[in-house]
Amino acid sequence: MKVMLRGAIPRLIAGTAIIALSTASLATGVASQAGASSKVTISVAYAANTTFDTTPLGLTWWTQVKKEFEKQYPNVTVNLDAVPGGEPDFLTKLALLYHSTSTAPTLAQFPSTEIALYQSTGYLANMNKYLATTSWFKDYPKVIQNEGKIGGKIYAVSSGENNVGLYYDKAILQKAGIALPWQPKTWNDIISAAKKIKAAEPKIIPLWVDAGTSAGPNGAGYGILNLLAGSSTPTIETSSGKMVVSSKGLTETLDFFHTVFSEGLGAPTSQLFSPNNAPNIPSTDFFKGTLGIAVGANFLGGNWTKQVSFPYWAKASSAMGVAGLPKIHGGGYASTLSGWDYGMSSTASPAQLTAAGEFMNVAQEQTNLIEAGNWAGWVPPVQSDWTVPLYTNFAAPFNEEFGKLLPSSSELPSNANYNVWVQGIEQASGDIALKPSTTGAQALATMKGYVTNQLGASAVVSLP
Amino acid sequence: MVSTAVVDTVTGPPLQELWKTRHDKTRYQWSSLGLLTPTFALLIFLFLVPMGFAIYLGLTNLTLIGPTAVHSSFTGTANLIRLKGDTTFWSSLWVTGIFIVGSIVGVVVLGYTLASLLMRATPWMRVVVGGIVVISWMMPAVTAGMTWYASTTGNGTFGTLFGHPNANLLDAQPLLVVTLASIWSMTGFSMLVMGAALRNIPSEAIEAAIVENASTWQRFRMIVLPLLRPTMTAIVLLTGLLALANFALIYIMTQGGPGNSTNILPLYSYQQAFTFNNLAYGALIGNVMVLIATVFGVFYVRITTRRI
């Protein structure tokens, strides 16, 4: 057993400790409920260090919402359960909290790619009843409304979304002779611009696109999957639940990576494979003036604000431009869409569920929702918020631009096999970044072999 | 020797009777079992029961999240069959073997070299060099991992020293670099133990060999090495076990990548259990590691309890 001590067991111990602490806090809640029937206690679990751009911003926002809610609903006590750690740690600890009805949070916030897993375990309550009377949910775009819908019932509701576009350094593009504002129509336009940058500024990284496994599933969500979304066949999971391991779209996407890295247009692997938050590296590179173009998530713009300071760059709004990521042969933009959603516990009492619904109403109130979006680097899910000055002025012009791009985004799958599939495509993109001579077909074969080996031949499919 | 019937009338039975009693064999007093009960209880509840549960867990379909997170069941040999055909597992086992053997060889050779050089060094140099090496041993795995990561990627110390500041050694030779980091982090321990053992070698034996005109190599092979063998054996086994469990160092440096090139078994077990949510399969891989550790452990116990 000793050999496991450094890996799995500490997580179980950490999870057990959290469960013990939460049990203690919930026990207090149960006691207060028993003491006076009108009193209700709910627990709200959230990721302390992952969702918001900085831990203090997250703490400020959650404390503010709790205070506001308890003022409006004096009979309800909210126990905030700030679960520490990176996203994988948070997910492990949250899953352990759900393992016991006594520790399951009444309301929890988790990534949209986990909804189906939590629902299939039976942890989530049907939220239709609570959403029917809200004023905000009907303003969600259909694609976001459906994010938590399974079998016609809604089990999770978005609190913010991430989408992806192209960032570019205006000065570098101008030096390369590219007309501004730049809006590529096809993938070839992107490659062509990157080549011009390389020719004009050989020391600059022409094009950033995430590759490799170091950033976990998010790395693909902010990188390669956006290109796949704009390919000829963007399907990741078929309607029968099989994961796609070979398709024209996958080949096109990996061929694009092969072109980028074999032409020396991509970022060095020391940055791409960095265990230190690789998807955020472009914001530092742009600030230093060492990067031309990046396929990047909406939150990069917020990184340059004073509140986030990753790094603070006052001139970012004038120095940087944003463009939509085109589809392979044109005809519009493509992006993945992934968010953080609220889910209610299926084991909570009706009074707790009602209170949790009311807590969501306060959290989704316009100012709170936009502040969450600004501080967590999300596009607010309510469409009318995309033009509100509180949102557009925070990281201008980036917030507004990514709001405009959101309707052309598509949701990532949410199922047990997705993480394995993502590991496979990240290995394929990492192979190309590491050995640029690797062709798209070779990388695809690696991916197919890995995913098929992990999931079994019956769980995967090859599309034409 | 001629046997004689000598009787000690003052203190007890004849010496022949005493000689019949073997004092070099282990004797048991059944009454001591009572005293051993607490130890047995601890062994059963803190080791055998969890171990048995881990073995059972490896033969179920338990997941961290999903339908079988709540209603898991015994699946017999299904996970074992999957393990047999899992090419990533076999590649991981191979990588683990290279990592362990590389770590052992490096730690033993470097530990002995440093210990023997420090024997001849001036006192202040012994303090400075010995201190630096021991600090590297005492450094938390996370710090050691970050240090090596920063030193071996673009603009790192190694590349800059050799005139190629943009060289990315970690991604070019990932298994070699993480093995070197592992050797670096464990050499302090080896050097300390080896140094203590070297100081215990009788100087008379070395001096006699010098008088007999034995070469340095002969002195090492015929005197130093045999006398260091028990110490080296202990270092080999402990280093092997530590390398097998070296999750944090590699997780920090490469997370098992690029691809699966540094994906040693503890990382693969973690990945299955917590990234892919397959707790049962992760536990099964953990059980394989326990088996490997047991092999090391059995050798270690046999060698350390061997009578000289």
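Keep in mind that the numbers below use all heavy atoms, side chains included, and drop hydrogens, waters and symmetry copies. Treat the numbers as computed from the prediction; the structure is a model and nothing was measured. First the proteins, then the strands, lettered A, B, ... as listed; each starts at 1.
- Interface remark: of the candidates Thr88(B), Val70(B), Ile292(B), Thr88(B) forms the most heavy-atom pairs closer than 4.5 Å to chain A.
- Residues Leu244(B) and Phe99(B) form no side-chain contact, since every pair of their non-hydrogen atoms from C-beta on lies 4.5 Å or further apart.
- Leu267(B) does not touch chain A: none of its heavy atoms, backbone or side chain, sits under 4.5 Å away.
- Contacts of Tyr123(A) with chain B are made by side-chain atoms alone, with heavy-atom separations under 4.5 Å and no backbone atom involved.
- Interface residue Tyr450(A): only side-chain heavy atoms are found under 4.5 Å from chain B.
- Of the atoms belonging to Asp86(B), heavy atoms from both backbone and side chain fall under 4.5 Å from chain A.
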Please lay out, stage by stage, how Ile115(A) and Ile150(A) fare under the test side chain to side chain contact (heavy atoms under 4.5 Å, CB included).
CA-CA 9 Å; Ile115(A) 296 169; Ile150(A) 298 167; 4.1 Å; yes

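- Just one of Phe90(A), Tyr46(A), Phe110(A) meets the ring-ring contact (aromatic ring centres under 6.0 Å, His included) condition when paired with Trp340(A); it is Phe90(A).
- Residue Asn277(B) touches chain A through its side chain alone, counting heavy-atom pairs closer than 4.5 Å.
- With chain B as partner, the option from Thr213(A), Val420(A), Asp431(A) having the largest number of non-hydrogen pairs under 4.5 angstrom is Val420(A).
- Note: Leu117(A) leads Asn415(A), Thr446(A), Leu117(A) in heavy-atom pairs under 4.5 Å with chain B.
- With respect to chain A, the highest number of heavy-atom pairs below 4.5 Å among Asn260(B), Leu170(B), Asn166(B), Thr275(B) belongs to Asn260(B).
- Between Gln454(A) and Gln272(B), the side chains place a donor N or O and an acceptor N or O closer than 3.5 Å (distance only, hydrogens not considered).
- Ranked by heavy-atom pairs under 4.5 Å with chain A, the first of Thr153(B), Thr68(B), Thr87(B) is Thr87(B).
- Taking chain B as the reference chain and counting heavy-atom pairs below 4.5 Å, the highest number among Ser270(A), Gly216(A), Gly456(A), Pro268(A) is found for Ser270(A).
- Glu237(A) meets the salt bridge (charged side-chain N to carboxylate O under 4.0 Å, His left out) test with no other residue; sequence neighbours excluded.
- Using the six-membered ring where Trp is involved, Phe274(B) and Tyr270(B) have ring planes that are tilted, between 30° and 60° apart.
- Relative ring orientation between Tyr268(B) and Tyr281(B) is described as perpendicular, the plane-to-plane angle rising above 60° on a 0-90° scale split at 30° and 60°.
- The greatest number of non-hydrogen atom pairs below 4.5 Å with chain B, out of Gly449(A), Ser274(A), Gly212(A), is found for Ser274(A).
- Contacts between Tyr149(B) and chain A at a heavy-atom distance below 4.5 Å involve the side chain alone, from C-beta outward.
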From CA spacing to verdict: side chain to side chain contact (heavy atoms under 4.5 Å, CB included), Trp148(B), Leu180(B):
CA-CA 9 Å; Trp148(B) 271 82; Leu180(B) 288 174; 3.9 Å; yes

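- Among Leu91(A), Leu94(A), Thr269(A), the residue making the largest number of heavy-atom pairs under 4.5 Å with chain B is Thr269(A).
- Checked by atom type and distance alone, the side chain of Thr121(A) pairs as donor or acceptor with a backbone atom of Gly66(B) at under 3.5 Å.
- No other option in Gly154(B), Pro67(B), Ala172(B) has as many heavy-atom pairs under 4.5 Å with chain A as Pro67(B).
- Side-chain atoms of Ser72(B) and Thr60(B) include no donor-acceptor pair closer than 3.5 Å.
- In terms of heavy-atom pairs under 4.5 Å with chain B, the best-connected choice from Ser214(A), Ala428(A), Gly430(A) is Ser214(A).
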